[in-house]
Every structure is written in C-alpha cells, then in structure tokens.
Amino acid sequence: MSKVETTQEIPKIYDAGASERKWRKFWEEKNIYVYEPSSNREEIYSVDTPPPTVSGDLHIGHVFSYTHQDFIVRYKRMRGFKIFYPFGFDDNGLPTERLVERVKCVKAMDMPREDFWELCLEVSKEQEKAFKDLWQDVGLSCDWNEVYSTIDERSRRISQRSFLELLKSGEVYRKEAPTLWCTECRTAIAQAEVEDKEEASEFHKICFLTEDGKKVPIATTRPELLPACVAVFYHPGDERYSHLKGKYLVTPYFGLKVPVLEDAKVNPEKGTGIVMCCTFGDTVDIEWWQEYNLETRIVVDTFGRMNELAGEFQGFSLRDARKRIVNTLSEQKLLIETERITHTISAHERCGTPLEFLLNKQWFVKVLDKKDELVRYGEKCRWYPPHMFVRYKHWVENLRWDWCISRQRYYGVPFPIWYCAHCDEVIPARGENLPVNPLRDSPGIEKCPKCGKDEFVPEKDVFDTWATSSLTPQINAKWGENDDRSNILFPMTLRPQAHDIIRTWAFYTIVKAYLHNKDIPWYDLMISGHALDSSRTKISKSKSETVKPKQIIEQFSADVVRHWAGQTRLGTDTFINLQDPTENLASGKRLITKIYNASKLSHLHLADFTPGNLDLSQEINHPLDRWLIGKLVQTIDKATKAFEQYEFAEALEHVEAFFWQDFCDNFLEIAKGRLYGDALLQVTENQRNKLQTSAKLTLFKALESILRLFAPFLPFITEEIWHWYFHRFSEKASIHLTTWPSQEEFNGAYDKDSSEMGDSIIEALSLIRKAKSELKVSIKKPADRLIIGFANESQIDRALLNRLEQGKIDLLVTGNVKELVLIEGVLEDGVELETSRLRARLEMEVD
RNA sequence: GGGCGCAUAGCUCAGUGGUUAGAGCGCUUGCUUCACACGCAAGAGGUCACAGGUUCAAGUCCUGUUGCGCCCACCA
C-alpha cells in the first residue's frame, strides 16, 4: 500500500466558526457579490428583497425565508446571471415608533415631532447594523452597496412622487372615514396594534318605540352609544319584524327617529334579533353606514368623553355615561333586563383601552374600480407554488374598501401636500422639491390657485408604511430618476416573500406597478412558508427572545442553519424546537462533517494531481468512474430542473443523496483500491497509471462538482474546501463565481454499459456486505471465496455475470475477498437482497 | 363563518394514476487505528385520517366527513 504525501495539512476537525468568519470577511472585502450593471436585460436577475421591519424582533423564521432567497440567488449567479440583490429595511411607521418609545422611554405624542424623528433615525440605525451583521453571518449574498430604507431620502422622494402622480391622475381621493382610535393614547392606531381582550360586560335589553308607541326591545352592550344610533336592522325575512319594514323607530330617552332596515348580517338568534346601528360601535356599523348612506352622529370626543350630542351626558367618560344612561332608562321603565356576559372586544395592545371609531379625513387609493385588472396583472406573474395566486385572487375579488394610505402618526413619509386654509384646496409639492416635509417646508407658491388667499395648512398625516414599501421595485430601480437603470431593473425578476403578506405587500406592489407603470412589478413570486415553534404556532416574540438566531448560528454554524431551511419545500411551514434545536439541526451538522471528511480524503489523493487539459472522455475510462459520472450528470439534471421551479429543497435532496450514497458510500470505497493501489498490484506500470489517473480525474471532477452543487446551500464550507485546492485551476476568486455544473462538461465521460456495470458491482458488493454483516464480522476481515449465482432459474443472466467478471478486481479488493466464483445457474443457499436477482455465499473462517 | 393548505413509519417529511409506498431522525443487531462512530453495514417498523366514487389500475383524481395550521371576517 502506498502512502500519499499531502502538500497541506488539513485540520482533523472542521472549525466552522473560524471558517465562516474568514469567508464572510473575504466576500465583503473582495466585493464578491457586487452588482455589475448590464445594458442587456436578459443578463440580469434582480430580486425585490423584502425589507424586514426594524422593530427588534428578527427571529429564526426570518432566517428561514431569507435563506430561501439566497439559495435561488446563488444558483442564478452560478448560472451566469448578473445579480441585482439589494437589501432594505422597513424602518418607519408604527413598529419603529413603538421600538423607539420602548428603547428610549419616551412618548411620541409628548415631544416635538422633529426630536422624535431624530430618535427614530438613531435607534433604527443601530438596529440596522445588528440586522446587517446577522444577515452577513447567515451568508446572504446581497450587495451591501445597494441598501435602502423605507424612510431614506430616495424612498421618501419616490413615495411622495408616487402620491403626486396618483393625485394628478385622480387615483387618490380624500374622504372622511372611521379610524381606530385610542382614547387613552389619543392617537389613531393601526389594525396591527389591535388585540382581542376578554371583558366582563352587560347585555341590556332596552325599549325602542314604534311611531305609534309600541315597544320594540333591542339588546346592546353599549347603551352609551344610544345618541349615536342612526338606524336599526333585522334579518331579511324575519317575520317578527317584517311589519316594521320601511318604517321608523324612536330611540328611547333621546327620541331620535331612525329607519328600520333589513340586512343579512343580522343574526336573528342573537339578542332580540333586531340591532341598533351607531356611528360607530363596530365594523359592521361602519359597513352599514357606508352601504346605506346613513347619517353620521359621533358622540365621543378624542378623550373618550361624551360630546354635545349626548345632551345631559356630555362631558362624562364612556364608562360613566353608560352607567348613567342605564339608570335613566331603568327609571323610565325603558330597560327590560340586564344580562351579565363576557365578550371579546378590540383593545389597544399597548394600554388595553377599548378602541373607538372616530371620523377623520383620510386619503384613499382607488382599487375597487380595478379589481378585474388587478387579478389579471397578478395572474401575469408566475407564482411559486402556484396555489398562492389563488389566495391573491380571492383577496382581490373580495375587497370591500379602497386602500387607505393615511395614518395619523408621527414617524413616516409625510404627505407632500398643504391645504388652503380658506377653501381647503389641495396644494401639491413641486416635483423638483421632493422629498418635502410640509410641517417644515413651505408649498413654494404665493397664493391659492383656487381662491387666491395666501394661508396654507400642512398635512400632518404620514403615509401608511405599505404606501412606501409597495414601491420597492421602483425604489430599487430608481424610478423617475435614472431611466437607464429603471429600464433594466423594472420589472424585477423575483419577489420573494412569505405567504402571510400576500394580501398586503404583494397586492399593494401590484397595485402601484399597475397604476404607475401599467406593468407587473416582477415576473416571478416565490412564496415561503413560516417557521413554527414546536407548539406548532407561529413563532412569537416572547419565544424568539429565548433563543436568538445569532446564538443558534454560533452554536451550529450558518451552513447548518441554512441546511435546515433548505430542507423545507417552498411554501410549506416547518417546525423548529427552540428549546433544543439540535433535533432539527443534527442532520445538517452531520452533512457538513461528512463533506469535510470526504474532501479531506479526496485531498489526500489529489494534492499532487493536476488535471491539466485531460480529455475526460478518454481519461475517465474505468467503468466505475464512468458509472459515477453518469450518476453525477443525472443529479445535475434533476437539481437544475428543481431549481428552475424554485424547488430548492428538491434540488438539495438530489445533491445530498448523490454525495452521500453514490460518491461516499460506493464510489470512494471502491475507488480506494485504485487510489491506494491495492487494486493495482497485478497490473503493468502503464495500466497502473491509466487506472489511477482515471480514478483521480473522476475524483477531481466529482468532488469539484459536488462542491458547486452544494455551494448555493452551504456557501461557507464549499468555499473553504474549494480554496484548499480547486481554486488553483480556476480564474475565479470564489467558488460562488464559478458556473453551475452542466451535463456538457461531462460529454463522453459516461455511458450506459458502464452504468450497468457499476450497478452490478455495487449489487454484488451489497451481497458481500450483507453476508459479512450476518456473520457479524467487519467488512475488512478477509474472506476466502465468494460464490455468486442466481436466486432462481428464470433469473439467470449471463450478461450480469460478465459484468461481474470484468469488475472482479474492484469487487474483491473492496469486499476483502480472495477469490470469486461465478455460477451461471441457481445457487442453492446463501444471502439475498430484496432488490437483486443474485444469491451469494461467502466462505471464510469465523472466530 | 369564508379562503388556502395539510393529514403517509414512533418523530419530521418526500412521493409524476402503473412492480413489493420512500428518506432523514429515532429504534434493533453487528462492525472501529489506514477520510468520517457526527461513521459503515444489515434489520424491524405502514389499514397512506375516515367514508363513498371514477378507473384495467388510486397514497395520487372526484365527492363528502373528521382533525390540524395559516390568513381574513365576526364580537350587537
């Protein structure tokens, strides 16, 4: 047995932490992932990277879906595309406000807006640094020169430009609309801040009167809203009330005349089956108010106190007013009964105060009038997996309101408008002045173009954050500012995102692209699932705080975490045990170790081998080598097809199976005979060289291909091993700049006969393994004789025996058997395999 | 209540209408200095949720039922 000298000492154990730190730095310093603009659209692969919300809660679920993007990007880069892969931060709006208020112990409403803005910018900057650090740890191959934030100047400018364009084309309008309001915090709040709360309450049955004085009992939990009552409803066809159709009822005590209407939303089983509609008790009231064009009677002020419409109850809090009104009704015998109940109410998640709906002027983008077009444009995109489009479609088809883009908040992109103090005319900012802050800047005109007066009021509202993040393709393409770039980058190639925000982010982005560009925003959508914790619910903030992604990466390495993320089919949720991630990450860790060890062995035999310009079709001539190349080519084919459908998990599965079973368990074990020389003892010097060259060249090509196939998934270890040796034969600085393996590279280096022969040798080897396993001896313990025949008469196959005869040396050396006897007939007893026609008997001495 | 998805080995999940349904983990048995015990080999383990239907043929297609998840709506 010959000993091969190594030119470089490879450490026995892989130090993933050190290696990953090294390559992370290398990629950054060498600008490996920099975007190189091209004038040819076809060469570009652009990604509309989701900007994570900067609110301090990145968890393993984010790592999960961002890693998915990176698999695709790295694959596409190796396919030769010029990659545009920017990174963004969503750092305005409510989540940022809340983060800043928490971190800095301030309240936005209690300080000047400019000061609050300063704090927001400061806090988000720190957060973004931590985010970037994590993403670099994970190995995201985005170009950190292409960074945007939804509050930066470019985003503000483009977002404001978008609004002004829509204002001009009449696609936005301003209208009074009910807004969720916290009377404790005295601010409008977003849907996202609402939490359900169980509360003890009283269900009062009170008497409304018909115009001729008959009592009609109506049940309510909010008697204080009686002065806000504008109609009553019953279910269509409810015979108890159908006689009231078209008539009016008079509200108790307040004596207001309100119409009686029919609507299917009424539940005849609940209360008395007839319900009062107030402005506004809940969202159904709002729907009715809109649908039936009802009167508006707001009785609550911004402090949560009753206003003048409540008559003698004016000035009382909602709570006090409720008690007093109930008492009054009771005294006047208008209260029939009171039932104690608990029910769920909507409350502000920060202070727990029940929310009210107040009327405010809001800006809306028209979407209801273009549902069909929006469905059609959504359909033009390719959705992966396809059923995600159905969700989009149903969402659009069932829209009931236009898109409200204004928020009565502090930190966000300002509306670029002022109003004439006299005639309320909207004064838009001039395009060249964008971005503007109307609270600080002046409109830049002397007189109102409508009434000629010269006093202007700035719009205090800011955009909903979706109004800006719906423009990420335009922001990245520098829409309206750099036509060359815009034409090349818009529409973008890919939008990756998770399925929970199809109805928001994906939808709004399609809306904006339709309105501004009459185009789709991207060609492909790749929708990831969620990472769920072991209790099978979406990972919550409290839980993610126990184990942060950074810790998991430190403990297991980024490659291992990426491998975990790569195992889940696109669009499917997955589970991770945050208490003990080992069970989810163990297989990845083993794979990394296996790759390292197999590479170490390969390196031992390749260190002094130079492939030069050897012709693969000639030099790879041993059947087993050609068998391996055949398997490799199949793997490349399957992995490529999967990747083209964004099915990275399937690609990984094929690569992993090829590497582990075909390459390690079979090829390496059998090729050792030639690599170490045990199988070359009885051949001439010339043959010896030829056989060894074939083995080494195969080893070289196969391992190098394996590294490239794994590179999108495991960027660190593949880079590490590639630099041990393979980089010497490449002009590229990084494995990530090399090309994805292709079938063409291996033309002539594989064939059907060799594939059959390889399969036959492995089949026979399995019989030896089984026989030795049954004898409870090591595969390395020498056996005297192996007799191979068939399991029954009908299965006798001469060609199979011929193949074994030809592969005899490899078989005997690998199986540690001295002599092979082939029988063209049935072998009476011996070991069999389920998958084989053969039967074998091993003759050896056993202790 | 609506939409979408899921239900396959103890667990996590693959599975194109076509032999005897697969993988990883876990389990059992055996094998260690020559890449790797974080390994190798050999095993055990399944009424493909349930009930119908279509078909020469169903884990796969259709209908219904049950359970679970996500999103949305509801909360008088």
Side-chain angles (χ1 to χ4, degrees), chain A residues 1 3 10 12-14 191 196-199 201 203-204 218-222 225 232-233 265-267 270-278 281-285 287 341-346 385 387-395 397-398 400 498-504 529-530 532 534 536-538 567-569 571-577 582-584 586-605 649-650 653 656-657 660-661 664-665 668-669 672 676 678 765-766 768-781 831 833-835:
Chain A
M1 192 185 295
K3 191 85 183 159
I10 305 295
K12 189 166 166 55
I13 291 172
Y14 176 51
Q191 188 75 43
D196 285 350
K197 198 175 151 187
E198 283 277 313
E199 203 180 63
S201 181
F203 203 32
H204 305 282
I218 290 183
T220 179
T221 56
R222 302 210 54 188
L225 290 181
V232 298
F233 283 87
K265 278 196 270 294
V266 179
N267 177 0
K270 205 158 180 176
T272 59
I274 184 163
V275 56
M276 67 177 192
C277 170
C278 308
D282 59 36
T283 51
V284 175
D285 288 348
E287 285 178 37
I341 56 159
T342 46
H343 65 164
T344 317
I345 54 149
S346 294
H387 73 256
M388 293 296 179
F389 168 68
V390 181
R391 286 201 198 178
Y392 168 85
K393 183 168 179 255
H394 289 166
W395 175 257
E397 285 171 347
N398 292 308
R400 280 186 294 178
H499 58 65
D500 55 338
I501 51 173
I502 290 173
R503 71 195 165 81
T504 48
H530 285 292
L532 311 175
S534 40
R536 304 191 161 222
T537 49
K538 212 166 142 179
Q567 284 174 304
T568 304
R569 218 166 76 254
T572 308
D573 294 341
T574 194
F575 304 106
I576 183 160
N577 183 344
T582 310
E583 61 181 79
N584 301 96
S587 70
K589 185 133 192 269
R590 268 190 286 271
L591 175 65
I592 302 292
T593 307
K594 189 78 178 176
I595 292 173
Y596 187 80
N597 286 322
S599 301
K600 218 164 60 181
L601 170 69
S602 304
H603 184 258
L604 187 72
H605 297 286
E650 196 188 328
E653 199 180 318
E656 217 172 311
W660 208 299
Q661 277 123 55
C664 292
D665 295 344
L668 283 181
E669 289 308 323
K672 272 178 187 173
Y676 283 110
D678 305 5
L765 183 59
S766 294
I768 300 175
R769 284 165 169 168
K770 181 159 186 172
K772 289 197 175 174
S773 181
E774 284 185 358
L775 292 168
K776 303 192 173 183
V777 298
S778 165
I779 185 75
K780 284 173 183 163
K781 188 177 169 73
V831 294
L833 297 169
E834 272 183 49
T835 52

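Chain naming here is simple, since letters A, B, ... match the order of the sequence lines and numbering starts at 1 in each. Keep in mind that the numbers below use all heavy atoms, side chains included, and drop hydrogens, waters and symmetry copies.
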(request) Confirm from the modelled atom types if A:Thr593 and B:rC38 form a donor-acceptor pair under 3.5 Å, side chain to base only. (result) yes
(request) Decide yes or no, distance alone: a donor-acceptor N/O pair under 3.5 angstrom between the base of B:rC31 and the side-chain of A:Lys776. (result) no
Measure from the side chain of [X], starting at C-beta and using heavy atoms only, and say which of [options] lies closest.
X	options	value
A:Glu287	B:rC74, B:rC4, B:rG39	B:rC74
A:Val275	B:rU12, B:rA41, B:rA76	B:rA76
A:Val390	B:rC4, B:rC74, B:rC31	B:rC4
A:Lys770	B:rC36, B:rA76, B:rA42	B:rA42
A:Phe575	B:rA42, B:rC13, B:rA76	B:rC13
A:Lys12	B:rC36, B:rC34, B:rU32	B:rC36
A:Thr220	B:rC31, B:rA76, B:rC34	B:rA76
A:Glu669	B:rC71, B:rC36, B:rC4	B:rC36
A:Lys594	B:rC40, B:rC4, B:rC13	B:rC40
A:Asp665	B:rG24, B:rC40, B:rG39	B:rC40

(request) Mind listing the closest non-hydrogen atom pair of A:Asp285 and A:Met276 along with its distance? (result)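 The answer is OD1-O, 4.1 Å.
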(request) Please report the shortest heavy-atom distance between A:His499 and A:Asp573, naming the atom on each side. (result)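 Heavy atoms only, the tightest pair is NE2-OD1, 3.2 Å.
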(request) State whether the number of non-hydrogen atoms from other residues, nucleotides or ligands found under 6.0 Å of A:Lys594 atom NZ is greater than 12. (result)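 Enclosed: over 12 neighbouring heavy atoms sit under 6.0 Å from NZ of A:Lys594.
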(request) Provide the Watson-Crick or G-U wobble partner of B:rG10, both distances under 3.5 Å; none if there is no partner. (result)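 WC or wobble partner is B:rC25.
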(message) Using Watson-Crick or G-U wobble geometry with both distances under 3.5 Å, which nucleotide pairs with B:rG69?
(response)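 Looking at the geometry, B:rG69 pairs with B:rC4.
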Under 3.5 Å, N/O pairs linking protein and nucleotides 7-9 of chain B:
none

(request) Would you mind reading off the distance between A:His530 atom NE2 and B:rU12 atom P, rounded to a whole angstrom? (result) 19 Å
(request) For B:rG45 versus B:rA58, give the span between their C1' atoms, rounded off to a whole number of Å. (result)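 Between the two C1' atoms, the distance is 24 Å.
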(message) Counting C-beta onward and ignoring hydrogens, is there a side-chain heavy-atom pair between A:Arg590 and A:Trp660 closer than 4.5 Å?
(response) yes
(request) Would you mind telling me which residue lines up with the more 5' stretch of RNA chain B, A:Lys772 or A:Ala586, judged by nearest nucleotide? (result)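 Here A:Ala586 is the residue nearer the 5' end.
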